[in-house]
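FYI, side chains are in, hydrogens and waters are out, and symmetry mates aren't considered; it's all heavy atoms of this structure. It should be emphasised that the depicted structure is a prediction, and the values quoted were computed from it without experimental measurement.
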2 protein chains.
Amino acid sequence: MTSEALGQCLGTNPVVVRRTMGLLREAGLVRAARGHAGGWQIAADLETVSLRRLHAALGEPAIFAIGNRHETPDCLVEQSVNAALEGAFAEAEALLLARFADVTLADLARDFARRHAQRRAAQE
Amino acid sequence: MTSEALGQCLGTNPVVVRRTMGLLREAGLVRAARGHAGGWQIAADLETVSLRRLHAALGEPAIFAIGNRHETPDCLVEQSVNAALEGAFAEAEALLLARFADVTLADLARDFARRHAQRRAAQE
DNA sequence: TTTCATGTAACTATAGATGTTACGATTCGC
DNA sequence: GCGAATCGTAACATCTATAGTTACATGAAA
């Protein structure tokens, strides 16, 4: 599939697609072929690639929208708040990443197939 | 304490302080006095006000930086991804909010007092 | 009545994400 | 080989949300 086609599916620009897919390529999850009839191909086993691995491949983007302003503030009040929250954030992050690790691309593919069949049936 | 003074502590503008403190005022957690010798006062029992309550008072700002792009997408792939992630996010959010509920302002005050005493001792 | 506060609307600035343009490098079909 | 198609990437532009600022009305106390 070309970046152009993916961009249309995602409602975005081919270059934006290449930027993100490039990270997946570096992680060995997809292959890109240049030139005529080129484009993107999955290069990994759907059963073994989890969402956790995708998150890692994409550079472990920040999970939380809220959090410490500074890691090691001088302000003692800020230190107390940080200390109180750090454990909670760490626990929640660990839980989320564990759930990500549970879901493989194959799981998504199966769920998609189910939905696809359902939609077809509903259209008849 | 005036918005001016709080702004200096927080490294920000008095108006920004008023904006946020205004939400806490609406929730009954602080009082504001206008005019000469006015400013902000805590209006709640430190032992019973939790970080969870603060989060609620501030309008339950989004916890996660990543998440669904659309709630109910037409795209079946997006639907599958959403379905796979929703549970995980819900669990992590519940855990985090539960931890928030465990921490009271009094807890923070005690931790602050401990740090304050320590710093004083270290300076002698 | 003057001074010092908050309350709030309107505007501006900033940073990060996203989108766009441009062009070089590569591959395939002819 | 030549030309069309495609990725790779740098540079630039645009958008958006947050934060910051200015301005002024309102209220309280000396």
Side-chain angles (χ1 to χ4, degrees), chain A residues 1-44 54-71 73 75 77-78 81-82 85 89, chain B residues 1-44 54-71 73 75 77-78 81-82 85 89:
Chain A
M1 202 161 177
T2 66
S3 302
E4 174 71 36
L6 277 169
Q8 292 223 336
C9 289
L10 297 168
T12 186
N13 191 287
V15 179
V16 176
V17 172
R18 284 188 207 120
R19 271 212 280 261
T20 302
M21 294 297 281
L23 295 172
L24 300 185
R25 172 169 43 74
E26 286 167 20
L29 301 177
V30 299
R31 253 190 310 271
R34 291 176 158 188
H36 200 99
W40 299 94
Q41 262 194 319
I42 295 178
L54 250 61
H55 181 253
L58 295 176
E60 311 245 342
I63 287 175
F64 297 110
I66 53 184
N68 299 350
R69 305 251 293 197
H70 314 100
E71 273 316 303
C75 172
V77 175
E78 197 174 351
V81 175
N82 282 359
L85 293 183
F89 278 117
Chain B
M1 200 161 179
T2 66
S3 303
E4 175 71 36
L6 277 169
Q8 292 222 336
C9 289
L10 297 169
T12 186
N13 192 286
V15 179
V16 176
V17 172
R18 282 187 206 119
R19 272 212 280 261
T20 302
M21 295 296 282
L23 295 171
L24 300 184
R25 173 169 41 74
E26 285 167 21
L29 301 177
V30 298
R31 253 189 312 269
R34 293 175 157 191
H36 201 99
W40 299 94
Q41 263 194 320
I42 294 178
L54 251 60
H55 181 253
L58 296 176
E60 311 245 340
I63 286 175
F64 297 109
I66 53 184
N68 299 348
R69 306 250 293 198
H70 314 100
E71 272 317 303
C75 172
V77 175
E78 198 173 349
V81 175
N82 282 0
L85 294 183
F89 278 117

N/O contacts under 3.5 Å, protein versus nucleotides 26-30 of chain C?
unit_1, atom_1, unit_2, atom_2, d
C:dT26, O4', A:R34, NH1, 3.1
C:dT27, O2, A:H36, N, 3.0

Could you tell me if the side chain of A:H55 sits less than 4.5 Å from the side chain of A:I63, heavy atoms only? yes
Comparing nearest nucleotides in DNA chain C, the 5'-proximal residue of the pair B:W40, A:T12 is B:W40
Is there a side-chain polar atom (N or O) of A:R31 under 4.0 Å from OP1 or OP2 of D:dC7?
no
Residues passing the side-chain hydrogen bond (donor to acceptor under 3.5 Å, both in side chains) test with A:N13, sequence neighbours excluded, are none
The salt bridge (Lys or Arg N to Asp or Glu O under 4.0 Å) partners of A:E71 (sequence neighbours excluded) come to none
Can you pull every protein N or O that's under 3.5 Å from an N or O on nucleotides 13-16 of chain D?
none

Are the side chains of B:M21 and B:V30 in touch, meaning some heavy atoms are under 4.5 Å apart? yes
Applying side chain to side chain contact (heavy atoms under 4.5 Å, CB included) to A:P14 and not counting sequence neighbours gives A:S3, A:E4, A:R18
From CG of B:L6 across to P of D:dA19 the rounded distance in Å is 16 Å
Taken to the nearest whole Å, CD/A:E4 to C1'/C:dT20 is 13 Å
Inset, instruction - Please state whether the phosphate of C:dG7, meaning OP1 or OP2, lies under 4.0 angstrom from any side-chain nitrogen or oxygen of B:R25. - result: yes
Contacts of B:F89 meeting ring pair (Phe, Tyr, Trp, His ring centres under 6.0 Å) (sequence neighbours excluded), chain-then-number -> B:F64
Report task. Determine: side-chain N/O of A:S3 to OP1/OP2 of D:dC7, distance under 4.0 Å, yes or no. Result -> yes
Quick note, salt bridge (charged side-chain N to carboxylate O under 4.0 Å, His left out) partners involving residues 54-69 of chain A, not counting sequence neighbours, are A:R52-A:E60
Are the side chains of B:L29 and B:I42 in contact, using a 4.5 Å heavy-atom criterion? no
Atom CG of A:L23 and atom P of C:dA17 are separated, to the nearest Å, by 13 Å
A:R19 atom CZ is separated from D:dC7 atom P, nearest whole Å, by 15 Å
Sorted by chain and number, sequence neighbours left out, side chain to side chain contact (heavy atoms under 4.5 Å, CB included) with A:A62 holds for none
Rounded to the nearest 0.5 angstrom, the CD1-CG distance for B:I66 and B:L85 is 8.0 Å
B:E26 CD to C:dG7 P, in whole Å, measures 10 Å
From CG of B:L58 across to P of D:dA19 the rounded distance in Å is 11 Å
Which atoms of nucleotides 22-24 of chain D (N or O only) lie under 3.5 Å from a protein N or O atom, and what are those distances?
none

Applying side chain to side chain contact (heavy atoms under 4.5 Å, CB included) to B:C9 and not counting sequence neighbours gives B:M1
B:Q8 CD to D:dG20 P, in whole Å, measures 14 Å
Between CD of B:Q41 and C1' of C:dT6 the distance, given in whole Å, is 14 Å
Sorted by chain and number, sequence neighbours left out, side chain to side chain contact (heavy atoms under 4.5 Å, CB included) with B:T12 holds for B:L10, B:V16, B:V17
Original post:
Which is true for A:G39 with a 4.0 Å heavy-atom rule: it touches a base, it touches only sugar-phosphate, or it touches nothing?
Top reply: sugar-phosphate
